[in-house]
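Accompanying notes for the structure given below.
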Amino acid sequence: MIQTLMEESTIAALRQRIKEARQAGKTIGFVPTMGYLHDGHASLVRAAREQADFVVMSIFVNPLQFGPNEDLSRYPRDLEHDRKVAKAAGVDLLFTPSVEEMYPSRVLTNITVSQVSEPLCGKSRPGHFDGVATVVMKLFQIVQPDLAFFGQKDAQQVAVVEQMVRDLSVPVQIVRCPIIREEDGLAMSSRNVYLNEEERKQATILYQTLQHVRSSIVTKQPLDRIIAEMKNMISTQPLADIDYAEILRYPDLTAVKEWKSGEQVLVALAVRFGRTRLIDNMILTIS
Ligand code: AMP
């Protein structure tokens, strides 16, 4: 069967399409993105195809989640390419609103998820997760999906969204999807195109560091020693500038005081290469 890709850029038209899918008895799976699609995004669509009857993807570079000195204006965009990837991955309906469509007037309502928004990227990017929570809630109101798919690549984002959904009884099931990587281990990201050749080579240190400390965590070595080990390893790459290297409990993102069997921890890295800030992480269950 030839897959057709519908596309709408207004909220009203999108709602009409989704209403028709619902009337046909279909369940709705939703994949929110900022576009410049790669196989990480496509993997969320494939998961959505398996678990829902009708797959909606949004492409919206959300100004609310960018700080004043961040890369909003130069964030990579290529809608033609995105349409091809979305179609091939199995999206039924693409939502491509303008900023004016999403925010016709100044936004005065903000969602703040405390605690989980505060450490890691919340510390380096003040207000970022308010912007994320607010746009995700707005998109949930527009699409009203049964299931929504998020990548573990942004593990703190998933924690924030799950907490918001629980706190506000949003009728959606959040599905976490694994990190998709390049062959050399670098986590796929729209921002990888910013890297020059040398930065791209050195960026593989993030994944190598995560792999390296796995056994230290499994064997319950002292936390401080593991953090130091991670920082030392990343610093072997001259272009790497560490923003953070931390281990927190997951998904509540509180401090790890001791290694407790059965608990999940998040090993999280944010490292700058030139002007590009990369994140990567690993979730482990303590044995
Ligand atoms: P973005 O377009 O970067 O906002 O990402 C949209 C969604 O795709 C988020 O849920 C991300 O976590 C997810 N995503 C981005 N990169 C990857 C990846 N390498 N593997 C899995 N999911 C990803």
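Ligands are counted one by one from 1 in listed order, and the atoms in each one are counted from 1 as well.
- Of all protein heavy atoms, the one lying nearest to atom 23 (C) of ligand 1 is K153 CB, 3.9 Å.
- Side chains of E7 and T96: a donor on one and an acceptor on the other come within 3.5 Å.
- Here R17 pairs with E8 in a salt bridge; the nearest charged N to carboxylate O distance falls below 4.0 Å.
- In summary, the atoms of ligand 1 found under 4.0 Å from a heavy atom of F150, numbered by their order in the structure, are 10 (O).
- Counting protein heavy atoms only, atom 10 (O) of ligand 1 is closest to G151 N, 2.9 Å.
- When the options V85, D92, V45 are evaluated for a side-chain contact (heavy atoms from CB on, under 4.5 Å) with M57, the one that passes is V45.
- Relative to the ring axis of Y194, R277 does not place its NZ or CZ within 45° and under 6.0 Å from the centre.
- Ring geometry for H81 against Y36 counts as tilted: the plane angle lies between 30° and 60°, on a 0 to 90° scale.
- Each of the atoms 16 (N), 17 (C), 18 (C), 19 (N) of ligand 1 lies under 4.0 Å from some heavy atom of M188.
- Scanning the protein heavy atoms around atom 6 (C) of ligand 1, the nearest turns out to be P32 O, 3.4 Å.
- Counting heavy atoms from C-beta on, the side chains of I247 and I227 come closer than 4.5 Å.
- Near I179, meaning under 4.0 Å from one of its heavy atoms, ligand 1 places the atoms 20 (N), 21 (C).
- Atom 13 (C) of ligand 1 has L44 CD1, 3.7 Å as its closest protein atom, hydrogens excluded (heavy atom only).
- Among H41, H38, M34, the residue whose heavy atom sits closest to atom 16 (N) of ligand 1 is H38.
- Nearest to atom 21 (C) of ligand 1 by heavy-atom distance, out of A42, S58, P178, G35, is P178.
- A 6.0 Å sphere centred on NZ of K220 holds more than 12 heavy atoms belonging to other residues, nucleotides or ligands.
- I180 N, 2.8 Å is the protein heavy atom nearest to atom 20 (N) of ligand 1.
- Counted by atom type alone, N232 and E229 present zero donor-acceptor pairs between their side chains at under 3.5 Å.
- For ligand 1, the polar-atom distance check against D154 finds a nitrogen or oxygen pair separated by under 3.5 Å.
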